[in-house]
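Read the structure below first, then the notes.
Labels below follow one simple rule: chain letters A, B, ... track the order of the sequence lines, proteins then strands, and each chain is numbered from 1.
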Amino acid sequence: MDMQVAKKKLGLKERYAVMTRGLDWKPSYQKMEDIYPYMAYEGIKIHDWDKWEDPFRLTMDAYWKYQAEKERKLYAIIDAFNQNNGHLNVTDARYLNTVKLFISGISPLEYVAHRGFSHVGRQFPGPGPRVACLMQALDEIRHAQTQVHSISNYNKYYNGMHDFHHAHDRVWFLSVPKSFFDDAITAGPFEFMVSIGFSFEYVLTNLLFVPFVSGAAYNGDMGTMTFGFSAQSDEARHMTLGLEVIKFILQQDPANVPIVQRWIDKWTWRGYRVLTLVAMMMDYMLPKRTMSWKEAWEVYFEENGGALFKDLARYGIKMPDCAAQIALEKDHLSHQAWSTFYNYAAASNFHTWMPDEEEMAWLSSKYPNSYDKYYRPRMEFWREEAAKGNRFYNKTLPMLCQTCQIPMIFTEPGDPTKICYREVDYKGDKYHFCSDHCKKIFEDEPEKYVQAWLPVHQIYQGNCFPEGTDPTVEGFDPLAAVLKYYNLEFGRDNLDFDISEDKKNFAEWRGQATKNV
Amino acid sequence: MSTVFIALQTNEETRPIVEAIIQDNPDCTVNEQPAMVKIDAQGKLVVRRETIEELIGRPYDLQELQVNLITISGNLDQTDDEMILYWNA
Ligand SMILES: [Fe+2]
Ligand SMILES: [Fe+2]
């Protein structure tokens, strides 16, 4: 009998080299700068693209194999979850509002990330980063699709998710995440890699996914846990790409360092502002809490980001200046954000509520320096008013920051009793900012940010009403017209959780699931 | 020394992997969180293929780890035999 002798396989390093090197040819009748037109204008100098290496050394064949396995696992769990009415196992129906926030605020960004990585993958002359960008582009469209598939089951039962992409492009607060990613994909390829690959994926994504997904698991939402962890398994690769890209750019030429530092400063702040939504989700929207926003920030940014910037110091990169202000805001961010959404519950695609006594006690214990002093009194007041039938809905529109597009709700660094306002005069117009950092970002690139599509301005200019609306007729109700434009139904998709159809249905269905009727 | 970490989903596939990591990094700290486990180590953490193979009793490709990986921190270097996370400073 013949002995089967296993053929000596190539080692991982060799396999990776074979699959990612020597794939290019030297163009003879086209100029390099015509084939890769975006490589020069940002000022980044690359001398040797082959120096770039993916430390996971993942090749396309292995990529397909493991991604297919992730998909099989994911859909098996989603099927089982749906088949068993898994949605009735979540802690309480308030939890569902985090899912609404996710599908309308985050999932559309996955799709934009897919477009962004497809674009930069085409633009880089180095085959190593091109292969990595190709994989990430495929990952991102997978994330968008799996999130839509998983959450579609919730959409069968609960309100506010029926037209999430339409909402993403229109609803006032969703312009915050939308404009963040639009800002990134309209930057040059290198800035895109630093903004999304490094600042967002490496520095901030842990704050988005880990608490969100672990929180979902803790609150009985197996659907979100599953797509979240499935996406997150790709995230480790994305983070690695982000870190490698930045080390690669910095090693290539010392002239790259100040450019990269400016991008890191800008995008850490931009990303942090978007995470305001995550902060309030963690502290207010999860019925069972895993950790506070402040704790998550300390673990994933201060500790982990601190280690990262210490490591990058040898290239001349330092911790972004905005970290100092963020440290001052960590006691306040989630409370100021939730108060705002409580105010504007009539104009959003999810429900809000006031924390109960036990939840307030948790907030006091997690935020001993701020909650009782600044936020509890106002929340107790709102709660008492609601109990008297005066649930407060703010109907005036807030001023927005030109850069991050968040309403001007943040307080002065170091003085939580005073709203922070900054402004800049540019070509005869006045622009408003929530902070010194957003102001500086504008001042560095005013021609970009004057073009911002600010929802409040657009509403006042009459651009957010359904076609044919006449705002001059007697008794015109602007909020009703805006909600129609958002494709949201007043009284069903918006307002307080307490009077919502979601709450009523969930209680009824859960009753049916646990009792004979 | 800064902390590096690796976080994995909590399931049957990762149970022996976590065990292997603890064996190979005796000073690491294991944090169990809802549905996930996060392992911290000072400066450096190694995941070794051989240790995992001994525990599961079959050949193991370290790239399989990606199926259950949640997040990592630190610079990464992966070969057929080990996956190393480290900080230089
Ligand atoms: Fe993604
Ligand atoms: Fe801002």
Side-chain angles (χ1 to χ4, degrees), chain A residues 9-13 15-16 53-59 62-63 65-67 69-70 73 202 205-206 209-211 213-219 222 225-226 228-237 239-240 243-244 247 288 290-291 299-300 303-314, chain B residues 1-14 17 21 29-50 58-89:
Chain A
K9 277 197 204 152
L10 292 177
L12 188 57
K13 280 187 183 171
R15 281 204 310 280
Y16 176 75
E53 188 153 353
D54 165 18
F56 273 119
R57 303 198 171 91
L58 192 66
T59 53
Y63 174 80
K65 183 174 148 195
Y66 295 120
Q67 295 306 98
E69 194 172 330
K70 289 178 190 176
K73 281 181 98 164
Y202 201 93
T205 198
N206 275 327
F209 271 96
V210 180
V213 176
S214 196
Y218 205 38
N219 282 276
M222 202 160 75
M225 178 198 83
T226 306
F229 279 149
S230 192
Q232 194 61 33
S233 67
D234 300 340
E235 226 58 56
R237 182 154 32 75
M239 292 165 65
T240 307
L243 183 56
E244 284 311 300
K247 289 195 293 191
K288 264 170 77 178
T290 45
M291 50 164 63
V299 174
Y300 289 110
E303 202 180 290
N304 187 34
L308 168 71
F309 283 105
K310 217 165 89 191
D311 195 72
L312 292 175
R314 69 203 144 106
Chain B
M1 255 301 142
S2 305
T3 307
V4 295
F5 62 74
I6 184 168
L8 298 162
Q9 294 197 49
T10 309
N11 59 33
E12 278 308 298
E13 279 171 17
T14 59
I17 298 169
I21 295 174
T29 322
V30 180
N31 301 298
E32 310 226 7
Q33 288 169 26
M36 60 177 261
V37 49
K38 178 168 173 274
I39 305 165
D40 297 334
Q42 289 314 301
K44 185 176 167 185
L45 185 132
V46 193
V47 186
R48 286 181 59 239
R49 178 178 56 81
E50 266 185 9
R58 67 164 173 93
Y60 184 80
D61 184 335
L62 275 180
Q63 290 191 326
E64 274 182 49
L65 201 65
Q66 299 209 7
V67 174
N68 293 302
L69 192 57
I70 293 173
T71 180
I72 54 175
S73 163
N75 296 292
L76 168 77
D77 191 22
Q78 182 158 346
T79 63
D80 286 310
D81 299 323
E82 51 188 18
M83 169 180 174
I84 305 173
L85 292 167
Y86 63 97
W87 289 122
N88 292 304

Report task. Please state whether the side chain, the backbone, both or neither of B:Asn31 comes within less than 4.5 Å of a heavy atom of chain A. Result -> neither

Query - Structural part of B:Asn75 lying under 4.5 Å from a heavy atom of chain A - result: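 For B:Asn75, heavy atoms of backbone and side chain both lie under 4.5 Å from chain A.
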
Query raised in the report: Any donor-acceptor pair under 3.5 Å linking the side chain of B:Trp87 with the backbone of A:Leu308?
Result: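 Answer holds: no.
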
Query raised in the report: Heavy atoms under 4.5 Å from chain A: which residues of residues 64-74 of chain B carry them?
Result: B:Glu64, B:Gln66, B:Val67, B:Asn68, B:Leu69, B:Ile70, B:Thr71, B:Ile72, B:Ser73, B:Gly74

Which bit of [X] comes within less than 4.5 Å of chain B, counting heavy atoms only: side chain, backbone, both or neither?
X: A:Lys13; answer: side chain
X: A:Asn206; answer: side chain
X: A:Tyr16; answer: neither
X: A:Thr290; answer: side chain

Query raised in the report: Which of the residues A:Glu69, A:Glu303, A:Met225, A:Arg314 is involved in the greatest number of heavy-atom pairs with chain B at under 4.5 angstrom?
Result: A:Arg314

Query raised in the report: Quick one: of A:Glu235, A:Lys73, A:Glu244, who has the most non-hydrogen atom pairs under 4.5 Å with chain B?
Result: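 The answer is A:Lys73.
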
How far apart are the closest heavy atoms of [X] and [Y], and which atoms are they?
X: B:Ala7; Y: B:Met36; result: CB-CE, 4.1 Å
X: B:Leu62; Y: B:Thr79; result: CD1-O, 3.9 Å
X: A:Leu12; Y: B:Gln78; result: CD2-O, 3.8 Å
X: A:Ser214; Y: B:Pro34; result: OG-O, 3.0 Å

Report task. With sequence neighbours left out, write down each residue that passes side chain to side chain contact (heavy atoms under 4.5 Å, CB included) with A:Ala62, or none if nothing qualifies. Result ->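 For A:Ala62 the side chain to side chain contact (heavy atoms under 4.5 Å, CB included) partners, ignoring immediate neighbours, are A:Leu58, A:Thr59, A:Tyr66, B:Gln63.
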
Query - side chain to side chain contact (heavy atoms under 4.5 Å, CB included) partners of A:Val299, counting only residues at least two apart - result: B:Lys38

Report task. Indicate yes or no: at least one non-hydrogen side-chain atom of A:Phe56 is less than 4.5 angstrom from one of B:Met83. Result -> yes

Query raised in the report: Quick one: does B:Thr3's side chain get under 4.5 Å of B:Thr29's, heavy atoms only?
Result: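 No, every pair of side-chain atoms sits at 4.5 Å or beyond.
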
Report task. Applying side chain to side chain donor-acceptor pair (under 3.5 Å), name anything that partners A:Ser233, two or more places apart in sequence or on another chain. Result -> A:Lys70

